[in-house]
There are 2 protein chains.
Amino acid sequence: MDQLLDKWGQLILTLLCERPRRFNELKRDLDGITQKSLAQALRRLERNGLVERHVLEQRPIAVEYRITPLGRTLDEPFLALFAWTADHLAEVEQHRRAYDEGRDPSR
Amino acid sequence: MDQLLDKWGQLILTLLCERPRRFNELKRDLDGITQKSLAQALRRLERNGLVERHVLEQRPIAVEYRITPLGRTLDEPFLALFAWTADHLAEVEQHRRAYDEGRDPSR
DNA sequence: CAGAATCCTCAAAGATACTG
DNA sequence: CAGTATCTTTGAGGATTCTG
């Protein structure tokens with residue numbers, strides 16, 4: 001999995017699953033990402049056949065990224081993970097508090 | 001997700017889902033992991049309530065790690081990811097070869 | 001607009017040594 | 001056996017600059 005997508009890959013894939021987007025559009029939606037990281041993540045997704053890069057003939061140039069059928073099949077397992085987090089986050093945080101309290105009351 | 005488990009976390013969870021294991025037993029099964037990384041991963045899993053640490057009263061000391069019910073619920077989404085990889089890995093690798101060939105024939 | 005190239009930094013991983 | 005402590009190294013990511 002680590003080979004397939006980096007830190008941002010999953011999020012990008014989810015966004016593109018919704019609708020195609022352009023480079024700076026993604027950059028805006030992914031708050032905090034740098035151009036470098038975005039370009040890098042897109043190259044990897046493209047290389048693995050999960051997204052496609054389409055150059056729109058315009059001035060100035062515009063590039064649209066679209067999810068592929070293959071990429072779309074991957075979104076389902078991801079949604080299962082999202083769902084798990086939503087369902088169990090509260091429980092996990094309780095465990096964390098209990099763990100941290102037993103160890104070091106200061107933090 | 002990154003908060004829940006690091007690089008090894010998923011694999012450890014899957015192993016423990018099968019049966020409880022001891023520290024050095026895990027170390028053997030996870031080829032290439034260092035003690036430090038293993039201890040670190042186990043602490044994180046423990047902190048999030050996904051595994052439990054049980055000290056067996058013996059000489060020399062023995063520690064067993066067991067998956068919790070919460071941890072077990074997480075294994076299902078993971079299996080879906082494993083399954084996806086198994087089903088689509090060949091296709092992904094084809095895309096990679098095509099991508100690499102078009103770019104840089106040397107590597 | 002959509003990147004590639006460069007430099008830099010800091011946190012994570014590895015190696016090693018030590019201990020109850 | 002099951003770790004912790006310490007030091008070093010590496011590389012991913014950020015900031016910045018440049019370009020078709």
Side-chain angles (χ1 to χ4, degrees), chain A residues 1-13 15-16 19-48 50-67 99-100 102-104 106-107, chain B residues 1-13 15-16 19-48 50-67 99-100 102-104 106-107:
Chain A
M1 268 300 144
D2 305 355
Q3 325 301 323
L4 255 57
L5 16 82
D6 49 37
K7 178 171 138 191
W8 295 96
Q10 176 174 354
L11 199 49
I12 294 174
L13 209 66
L15 285 174
L16 293 182
R19 62 178 171 80
R21 285 160 203 253
R22 296 181 33 195
F23 188 86
N24 280 332
E25 206 176 343
L26 284 169
K27 188 171 178 316
R28 270 189 298 275
D29 291 340
L30 303 168
D31 206 54
I33 198 174
T34 61
Q35 301 125 346
K36 182 182 170 183
S37 300
L38 178 54
Q40 201 172 251
L42 287 171
R43 292 306 147 255
R44 178 175 307 194
L45 290 169
E46 194 190 350
R47 178 168 183 261
N48 289 320
L50 301 175
V51 309
E52 275 174 356
R53 183 173 181 272
H54 290 273
V55 179
L56 310 177
E57 296 302 337
Q58 296 179 2
R59 301 296 305 187
I61 197 172
V63 177
E64 192 176 79
Y65 290 92
R66 305 176 194 163
I67 198 167
Y99 185 93
D100 292 344
R103 296 273 162 170
D104 182 3
S106 68
R107 49 165 197 159
Chain B
M1 269 302 144
D2 305 355
Q3 323 302 323
L4 256 57
L5 16 83
D6 49 38
K7 177 171 139 191
W8 296 98
Q10 178 175 352
L11 200 48
I12 294 174
L13 210 65
L15 286 175
L16 293 183
R19 62 178 170 80
R21 284 158 203 254
R22 294 177 38 189
F23 188 86
N24 279 333
E25 206 176 345
L26 284 169
K27 190 169 176 317
R28 270 189 297 276
D29 291 339
L30 303 167
D31 206 54
I33 198 172
T34 61
Q35 298 144 345
K36 183 181 167 184
S37 300
L38 178 54
Q40 203 172 251
L42 287 171
R43 293 305 148 255
R44 179 175 303 194
L45 290 169
E46 194 189 350
R47 177 170 183 260
N48 290 320
L50 301 175
V51 309
E52 276 174 355
R53 182 174 182 273
H54 290 271
V55 180
L56 309 177
E57 297 302 338
Q58 295 181 2
R59 301 294 307 185
I61 196 172
V63 177
E64 192 175 79
Y65 290 92
R66 305 176 193 164
I67 197 166
Y99 184 94
D100 293 345
R103 296 272 162 172
D104 182 3
S106 69
R107 53 165 195 159

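Hydrogens, waters and symmetry mates are skipped; everything else that's a heavy atom, side chains included, is used. Note that the structure is a prediction, hence the values are computed from the model and not measured. Every chain is numbered from 1 and lettered A, B, ... according to where its sequence line falls, protein lines coming before strand lines.
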Exercise answer: donor-acceptor pairs, residues 26-35 of chain B side-chain atoms, under 3.5 Å, sequence neighbours excluded:
| unit_1 | atom_1 | unit_2 | atom_2 | d |
| --- | --- | --- | --- | --- |
| Asp29(B) | OD2 | Arg21(B) | NH1 | 2.4 |
| Thr34(B) | OG1 | Ser37(B) | N | 3.2 |
| Thr34(B) | OG1 | Ser37(B) | OG | 3.0 |

Quiz prompt | Nucleotide dA11(C), atom P - distance to CD of Gln40(B) in whole Å | solution = 14 Å
Exercise. Take the protein atom CG of Leu38(B) and the nucleotide atom P of dG14(C), then report the distance between them rounded to whole Å.
Key: 12 Å
Self-check item: Under 4.0 angstrom between Arg53(A) side-chain N/O and dG3(C) OP1 or OP2
Solution: yes
Quiz item: Which one, dC1(C), dA2(D), dT4(D), comes nearest to the side chain of Arg43(B)?
Solution: dT4(D)
Exercise. Report the residues that fulfil salt bridge (charged side-chain N to carboxylate O under 4.0 Å, His left out) with Arg19(A), sequence neighbours left out, ordered by chain and then residue number.
Key: Glu25(A)
Self-check item: Interatomic distance where CG belongs to Leu56(A) and C1' belongs to dC1(C) [whole Å]
Solution: 11 Å
Exercise. Measure the distance from CZ on Arg59(B) to C1' on dC1(D) and round it to the nearest whole Å.
Key: 10 Å
Exercise. Mind checking the CG-CG spacing from Leu16(A) to Leu50(A)? Nearest 0.5 Å is all I need.
Key: 10.5 Å
Self-check item: Partners passing side-chain contact (heavy atoms from CB on, under 4.5 Å) against Ala62(A) (at least two apart in sequence or in another chain)
Solution: Arg22(A), Leu56(A), Gln58(A)
Exercise. Taking only Lys NZ, Arg NE, NH1 and NH2, and the carboxylate oxygens of Asp or Glu, determine whether Arg44(A) and Glu46(A) approach each other closer than 4.0 Å.
Key: no
Quiz item: How long is the span from the CG atom in Leu4(B) to the CZ atom in Arg47(B), to the nearest 0.5 Å?
Solution: 10.0 Å
Quiz item: Rounded to whole angstroms, how far apart are CD on Glu57(A) and C1' on dC1(C)?
Solution: 13 Å
Exercise. Would you mind telling me which of dA4(C), dG3(D), dA2(C) lies closest to the side-chain atoms of Val63(B)?
Key: dG3(D)
Self-check item: Any Tyr65(A) side-chain nitrogen or oxygen under 4.0 Å from OP1 or OP2 of dG3(C)
Solution: yes
Quiz prompt | Presence of Gln58(B) side-chain N/O under 4.0 Å of dC1(D) phosphate oxygens OP1/OP2 | solution = no
Exercise. Can you see which heavy atom on Phe23(B) is nearest to which on Leu38(B), and at what distance?
Key: O-CD2, 3.5 Å
Practice problem: Taking only heavy atoms on the protein side, list every residue of residues 19-36 of chain A lying under 4.0 Å from any atom of DNA chain D, sorted numerically. | Solution: Thr34(A), Gln35(A), Lys36(A)
Practice problem: Consider the side chain of Ile61(A), meaning its heavy atoms from C-beta on, and name the nucleotide among dA2(D), dG20(D), dG3(C) that approaches it most closely. | Solution: dG20(D)
Quiz item: Looking only at heavy atoms, what is the nearest atom pair of Ile12(B) and Ala41(B), with distance?
Solution: CD1-CB, 3.7 Å
Exercise. Find the distance Trp8(A):CH2 to dG13(D):C1' and express it as a whole number of Å.
Key: 11 Å
Exercise. In whole angstrom, give the distance that lies between atom CG of Leu42(B) and atom P of dG3(D).
Key: 7 Å
Exercise. Tell me, please, which residues at least two apart from Glu57(B) pass side-chain contact (heavy atoms from CB on, under 4.5 Å).
Key: Val55(B)
Quiz item: Between dG3(C) atom P and His54(A) atom NE2, what is the distance in whole Å?
Solution: 13 Å
Self-check item: Bending between helix ends of the helix from dC1(C)-dG20(D) to dG20(C)-dC1(D) [5 pairs per end, 10° resolution]
Solution: 50°
Quiz item: Could you give the distance from CH2 (Trp8(A)) to CG (Leu42(A)), rounded to the nearest 0.5 Å?
Solution: 12.0 Å
Practice problem: Would you please confirm or rule out a distance under 4.0 Å between OP1 or OP2 of dG14(D) and any side-chain N or O of Ser37(A)? | Solution: yes
